[in-house]
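All remarks here apply to the structure that follows.
Given the structure is predicted, the values throughout are model-derived calculations rather than measurements.
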Amino acid sequence: MTKSEVAAVLEEIGTLLELKGENPFKIRAYVNAARAIETFGGNISDLQDEEALGKIPGIGKSIALKIKELAATGSLKYLQELRAEFPAAILELFSISGLGAKKIKALYEKLQISSIEQLLKACETGRVAELPGFGETTQAKICKAIEERTRHSGYFQFGQIAHEAETLRSDFAAHPDALHTEVAGSYRRRKEIVHDVDLLVATKKPETITKFFVGHSLVESVIAQGPTKSSVRLRSGVQCDLRVVSTAEYPFALAYFTGNKEHNIELRSRALKRGWTLNEYRLAPLPVDAKAKKKKPANKIPKVRDEADLYRAVDLDFIPPELRENWGEFEAAEKNAIPKLIEKENLRGTFHCHTLASDGHNSLEEMAEAAQALGLEYLGIADHSRSQIQAHGIDEKKLFAQVAAIRKLNKKFDGFRLFAGVECDILRDGSLDFPDEILSQLDFVVASVHSALGLSEAEMTGRMVRAMENPFVTMLAHPTGRLLLKRESYQIIIPAILDAAARTGTWIELNAAPKRLDLDWRWWPMAKQKGVKCVINPDAHRAERLQDLWFGIGIARKGWLTKTDVMNCLPLGKIEHALRAKRER
DNA sequence: GCCGTTTTCGGCCCGACTGTTTTCAGTCG
């Protein structure tokens, strides 16, 4: 049983308790515990170790016992009993926006509705509108939400909505009444998956800004519109919320809406400890009445002009938005230990790009030109190897023709260089698609898995470790193989992969393609600790997709990486040596 | 159900918007 499976069970218990109308704080305890176990970074090798579980903040005696039972027997009596009280399909009703536990409970008790299909039927026959607390409008909204749900999941890859988000940002930035503009929320934290866009604007003319927003050409429909908050659906299908505040409120709102939730709770609790209350508008003294007798006089409230002032007010260094996940950033900010995160400008080159030779859409020359236009000093070409039939994998002959073409082109460049490589398939047994004699003639080798994806955890891990043990394999590409919102990771033991990478001197790719963003940011602190080096690659199949590097930078920052952790921050003069280091060991 | 540099009992983040109400409950973030 994995941590996330345990978290899913706790989450489900929370939902079922909500349906039962249980004490809201008990419900929150389960939801919190689910989050706690999922995000817990430390070692819990044994989920049956009740004592260790209980030490995780948010998990107490009762929940620790339940986790233990779950880990030991694979099931949980308490959950079985809860499930027995409701039809199984009822949980899917929670995926409809606008429906929460109270409404679902009413639908179930009054109309015996327990599935989306039944709900749609009841809406169409007008029975929902007749329920107390519901009405014609609510019924129509439910119909629309069901329709929306079938059109898209409500979750988007960061890259799918980045263009709209940036367009809105720049359009507001150019608006004369918008004094400050930022896209906050999970977008600003550079989460790989976002489900809405949070736009924040400081202004003296809220009505004008709101009007401009709901009338924007990217807006498909308006969901809600009030004096300080409006919500719309954009053309891509993503929901976008606008918050309008004053300039004085802006830094508080920016921090508040950048989140995440756990980060905000910690920030507020730090304010409370200093005798203040923090919300999205201001830092204010605590109300004097409540249990104030023993209390020492509240500290003077400092002036806050930007986010850095706010963090300073609670005795913290500034925390970059990407780190605001309550994932160790508070401890680091207290000890002046927030690293100087990598920036886009630090990247000097990149590897793992495709050309017309395999399944890319541009020539060597076009890829090189695009790389130079981005200010890069070098670009590594790595087309697919021969066994990738569907991706037009190249054979030995084509590969050497490309190497020759690259060597020839390099004579023309000034201050720029192409490196000749290959994206070599890792075969089922961990051997490589080309023999060492061929690989040794290349500047670098990207190794990756594209076949036999269903191997067991032990087999898949062993396969990758064996590939990394090859001295000519410079880097391991998209290590988990996940396709965001589409395909889960292969079954692999990532710490074992990282250990092998550290031992063999193999770089691990941070694949910057927005559908991958693999290796995931959550693993990079561990990778770094083990001494593993990162390489940020776009896996570009078109020249313009080299720009995906920007997504990779966001994830690298989110993974606490600095420029010294990322090999392709090395300048041209040093990267060549670094590429040879492993094979010369 | 969890938690404690205010507390082992009594809190637990809280504000915005909508729709159905006629002062508020429900949902969301």
More 5' along DNA chain B: A:Gly226 or A:Gly58, using each one's nearest nucleotide?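 The residue mapped nearer the 5' terminus is A:Gly58.
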
For A:Ile27 and A:Gly133, find the nucleotide of DNA chain B closest to each by heavy atoms; which residue's nucleotide sits nearer the 5' end?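 Here A:Ile27 is the residue nearer the 5' end.
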
Whole-Å distance separating the [atom1] atom of [X] from the [atom2] atom of [N]:
| X | N | atom1 | atom2 | answer |
| --- | --- | --- | --- | --- |
| A:Glu280 | B:dA16 | CD | P | 6 Å |
| A:Lys141 | B:dT18 | NZ | C1' | 6 Å |
| A:Arg274 | B:dT6 | CZ | P | 11 Å |
| A:Lys26 | B:dC2 | NZ | P | 10 Å |
| A:Lys102 | B:dT27 | NZ | C1' | 10 Å |
| A:Leu17 | B:dC2 | CG | C1' | 14 Å |
| A:Arg268 | B:dG29 | CZ | C1' | 11 Å |
| A:Lys229 | B:dC28 | NZ | P | 11 Å |

Under 4.0 Å between a side-chain N or O of [X] and OP1 or OP2 of [N]?
| X | N | answer |
| --- | --- | --- |
| A:Ser62 | B:dG1 | yes |
| A:Ser97 | B:dT27 | no |
| A:Thr228 | B:dC17 | yes |
| A:Thr137 | B:dT20 | yes |
| A:Tyr281 | B:dA16 | yes |

Among the nucleotides [options], which one has an atom lying closest to any side-chain atom of [X]?
| X | options | result |
| --- | --- | --- |
| A:Phe25 | B:dC17, B:dG26, B:dC12 | B:dC12 |
| A:Ile63 | B:dT27, B:dG1, B:dT18 | B:dG1 |
| A:His195 | B:dC2, B:dT18, B:dG29 | B:dG29 |
| A:Thr138 | B:dC17, B:dT20, B:dT27 | B:dT20 |
| A:Tyr30 | B:dG1, B:dG15, B:dG26 | B:dG1 |

If you look at every strand shown and take non-hydrogen atoms under 4.0 Å, does [X] touch a base, only sugar-phosphate, or nothing?
| X | answer |
| --- | --- |
| A:Asn264 | nothing |
| A:Ala101 | sugar-phosphate |
| A:Ile59 | sugar-phosphate |
| A:Pro57 | sugar-phosphate |
| A:Leu99 | sugar-phosphate |
| A:Glu136 | sugar-phosphate |

Name every residue in residues 181-192 of chain A that has at least one heavy atom under 4.0 Å from any atom of DNA chain B, in order of residue number, or write none if there are no such residues.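 Of all residues in residues 181-192 of chain A, none places a heavy atom under 4.0 Å from DNA chain B.
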
So which of residues 252-263 of chain A are in contact with DNA chain B, with a heavy-atom cut-off of under 4.0 Å?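 Close to the strand are A:Tyr256, A:Lys261.
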
Pairs satisfying ring-ring contact (aromatic ring centres under 6.0 Å, His included), at least one member in residues 185-205 of chain A, at least two apart: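 Matches after skipping sequence neighbours: A:Tyr155-A:His195, A:Phe158-A:Tyr187.
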
Suppose you measure atom [atom1] in [N] against the same atom in [M]; what distance do you get, rounded to whole Å?
| N | M | atom1 | result |
| --- | --- | --- | --- |
| B:dG10 | B:dA16 | P | 31 Å |
| B:dC14 | B:dC9 | P | 24 Å |
| B:dC2 | B:dT8 | C1' | 12 Å |
| B:dG26 | B:dT21 | P | 12 Å |
| B:dT23 | B:dC28 | P | 26 Å |
| B:dT6 | B:dG11 | C1' | 12 Å |
| B:dT20 | B:dT27 | C1' | 14 Å |

Taking only residues two or more places apart in sequence or in another chain, which ones pass side chain to side chain donor-acceptor pair (under 3.5 Å) with [X]?
| X | value |
| --- | --- |
| A:Glu307 | A:Arg188, A:Arg324 |
| A:Glu325 | A:Arg189, A:Asn260, A:Lys558 |
| A:Tyr108 | none |

Gap between atom CZ of A:Phe156 and atom CD of A:Gln239 - 0.5 Å precision: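 Answer rounded to 0.5 Å: 9.5 Å.
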
Is the closest side-chain donor-acceptor distance between A:Asn336 and A:Asp317 under 3.5 Å?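 Indeed, the side chains of A:Asn336 and A:Asp317 share at least one donor-acceptor pair under 3.5 Å.
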
Would A:Thr203 and A:Asp177 count as having a side-chain donor-acceptor pair, cut-off 3.5 Å?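 Distance-only check fails for A:Thr203 and A:Asp177.
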
Hey, does the side-chain of A:Asp198 have a donor or acceptor N/O within less than 3.5 Å of a partner on the base of B:dG29?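 Looking at the base of B:dG29, it does not pair with any donor or acceptor on the side chain of A:Asp198 (distance under 3.5 Å).
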
Salt bridge (charged side-chain N to carboxylate O under 4.0 Å, His left out) contacts touching residues 67-76 of chain A (sequence neighbours left out):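 Listed by first then second residue: A:Glu50-A:Lys68.
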
A:Glu182: salt bridge (charged side-chain N to carboxylate O under 4.0 Å, His left out) partners, not counting sequence neighbours: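 With sequence neighbours excluded, A:Glu182 shows a salt bridge (charged side-chain N to carboxylate O under 4.0 Å, His left out) to A:Arg169, given in chain and number order.
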
Solution key, residues 51-64 of chain A side-chain donor-acceptor pairs under 3.5 Å, sequence neighbours excluded:
{"residue": "A:Ser62", "atom": "OG", "partner": "A:Lys66", "partner atom": "NZ", "Å": "3.2"}

Is it true that A:Lys211 and A:Glu207 have a side-chain N and a carboxylate O under 4.0 angstrom from each other?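 Salt bridge flag = no for A:Glu207 with A:Lys211.
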
Any carboxylate oxygen within less than 4.0 angstrom of a Lys/Arg side-chain nitrogen, looking at A:Arg482 and A:Asp518?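 Salt bridge absent between A:Arg482 and A:Asp518.
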
Syn or anti conformation of B:dT7, syn meaning chi within 90° of 0: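 Here B:dT7 takes the syn form, which means its glycosidic angle is within 90° of 0.
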
Shortest non-hydrogen contact from A:Thr258 to A:Ala184?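 Looking at all heavy atoms of both residues, the closest pair is OG1-CB, 3.7 Å.
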
Complementary nucleotide for B:dT18 - Watson-Crick or wobble, under 3.5 Å: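 Answer to the pairing question: B:dA25, which forms a Watson-Crick or G-U pair with B:dT18.
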
